[in-house]
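Here the structure comes first, spelled out in structure tokens, and everything after it is commentary.
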Amino acid sequence: APLKYVFHFFRPLEMSAKKPVPFLRQVVSVTKKVHRDPRFDDLSGEYKPEIFMKTYSFLDSIKKQEKEMIQKQLKKCRNMEQKEKLQKLLNRMTQQEQAQKKQQKLRERELSLKRQQRELAKQGKKPFFLKKSEKRKLELAEKYAELKRSGKLESFLNKKRKRNAIKDKRRLPSQKNL
């Protein structure tokens with residue numbers, strides 16, 4: 001019975017059909033909720049990756065503990081389905097970690113280039129900014145140098161050759177059409 005009275009308050013007001021509608025009706029305005037997205041709102045401040053990384057650096061240790069815990073569970077697990085899920089999760093975590101390290105390296109490289117430009121500007125020289133293509137070439141050269149140091153260059157090049165061969169085969173007209 002109490003529910004009936006609760007709904008009574010929320011239903012629309014009923015007007016008599018026999019009375020003429022007044023010229024100036026009373027309209028009750030409902031305040032609309034304004035949703036704000038912190039990513040695009042000025043109230044949230046400006047995003048600065050360096051400050052963000054410093055503020056949330058404690059998350060790295062938590063992620064490391066979680067990764068170790070998942071590795072332990074993976075060793076103990078006997079169920080193949082569960083093992084597969086854990087393996088996927090572990091792979092995803094390692095990929096995220098690698099991507100984060102890569103982003104950090106890029107940021108550090110950009111900061112060092114900016115510092116060099118500032119130093120040159122202080123000495124009175126004209127600043128020189130690299131094009132995107134030049135930056136990409138430098139990154140590629142660095143990647144090859146790192147692969148050579150770790151001894152994985154040959155396997156990387158073999159995989160790249162295979163990938164390119166597959167792409168070339170796709171581009172060629174098929175034997176059926178000839």
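Just so it is clear, the structure is predicted and the values come from calculations on it, not from any experiment.
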Note to self: For the CZ atom of R107 and the CD atom of E50, what is their distance to the nearest 0.5 Å?
What the structure shows: 6.5 Å
Tell me which donor-acceptor pairs under 3.5 Å the side chains of residues 117-125 have, and how far apart each pair is, sequence neighbours excluded?
from, atom 1, to, atom 2, distance (Å)
Q117, OE1, F128, N, 3.0
Q117, NE2, F128, O, 2.7

Margin query: So M53 and Q104, do their side chains get closer than 4.5 Å, heavy atoms only?
Written below: yes
Next item on the list: Go through the structure and list residues passing ring-ring contact (aromatic ring centres under 6.0 Å, His included) with Y56, not counting sequence neighbours.
Entry: F52
Check: Other hydrophobic cluster members with L74, side-chain heavy atoms of Ile/Leu/Val/Met/Phe/Trp/Tyr under 4.5 Å, chained?
Finding: I70, L86, L89, L90, M93
Notebook entry, point to check: Mind checking who shares a hydrophobic cluster with L147, ILVMFWY linked at side-chain heavy-atom distances under 4.5 Å?
Noted result: L140, Y144, L153, F156, L157
Next item on the list: Report the C-alpha separation of Q87 and N91 in whole Å, then their side-chain angles, then the decisive distance to 0.1 Å, and conclude whether the side chain to side chain donor-acceptor pair (under 3.5 Å) test is met.
Entry: CA-CA 6 Å; Q87 189 61 49; N91 289 345; 3.3 Å; yes
Check: What pairs meet the salt bridge (charged side-chain N to carboxylate O under 4.0 Å, His left out) rule with one or both residues in residues 54-71, with sequence neighbours excluded?
Finding: K67-E97
Item checked: Pairs where residues 29-39 contributes a residue and the test salt bridge (charged side-chain N to carboxylate O under 4.0 Å, His left out) is met, not counting sequence neighbours -> R36-D41, D37-R39
Item checked: Members besides L111 in its Ile/Leu/Val/Met/Phe/Trp/Tyr cluster (side-chain heavy atoms under 4.5 Å) -> none
Margin query: Looking only at side-chain N and O atoms, does R161 offer a donor or acceptor that is under 3.5 Å from a partner on N158?
Written below: yes
Note to self: Enumerate the side-chain hydrogen bond (donor to acceptor under 3.5 Å, both in side chains) contacts for residues 69-81, please, sequence neighbours excluded, ordered by first and then second residue.
What the structure shows: none
Margin query: Could you work out, with side chain to side chain donor-acceptor pair (under 3.5 Å) as the rule, every residue matching K137, not counting sequence neighbours?
Written below: none
Checklist line | Stepwise side-chain contact (heavy atoms from CB on, under 4.5 Å) check, E139 with K143 | finding: CA-CA 6 Å; E139 284 172 26; K143 184 179 180 180; over 6 Å; no
Check: Residues two or more places apart in sequence or in another chain: which of them pass salt bridge (charged side-chain N to carboxylate O under 4.0 Å, His left out) with E146?
Finding: K105
Item checked: 4.5 Å side-chain heavy-atom contact, L138 and E142 -> no
Check: Are R92 and K88 side-chain neighbours, meaning at least one heavy-atom pair lies under 4.5 Å?
Finding: no
Note to self: Just to verify, what does R136 make a side chain to side chain donor-acceptor pair (under 3.5 Å) with, not counting sequence neighbours?
What the structure shows: none
Note to self: As an exercise, state the distance from CG of L130 to CD of E110, rounded to the nearest 0.5 Å.
What the structure shows: 11.0 Å
Next item on the list: Mind checking side-chain contact (heavy atoms from CB on, under 4.5 Å) for I51 and listing every partner two or more places apart, or none if nothing turns up?
Entry: K48, T55
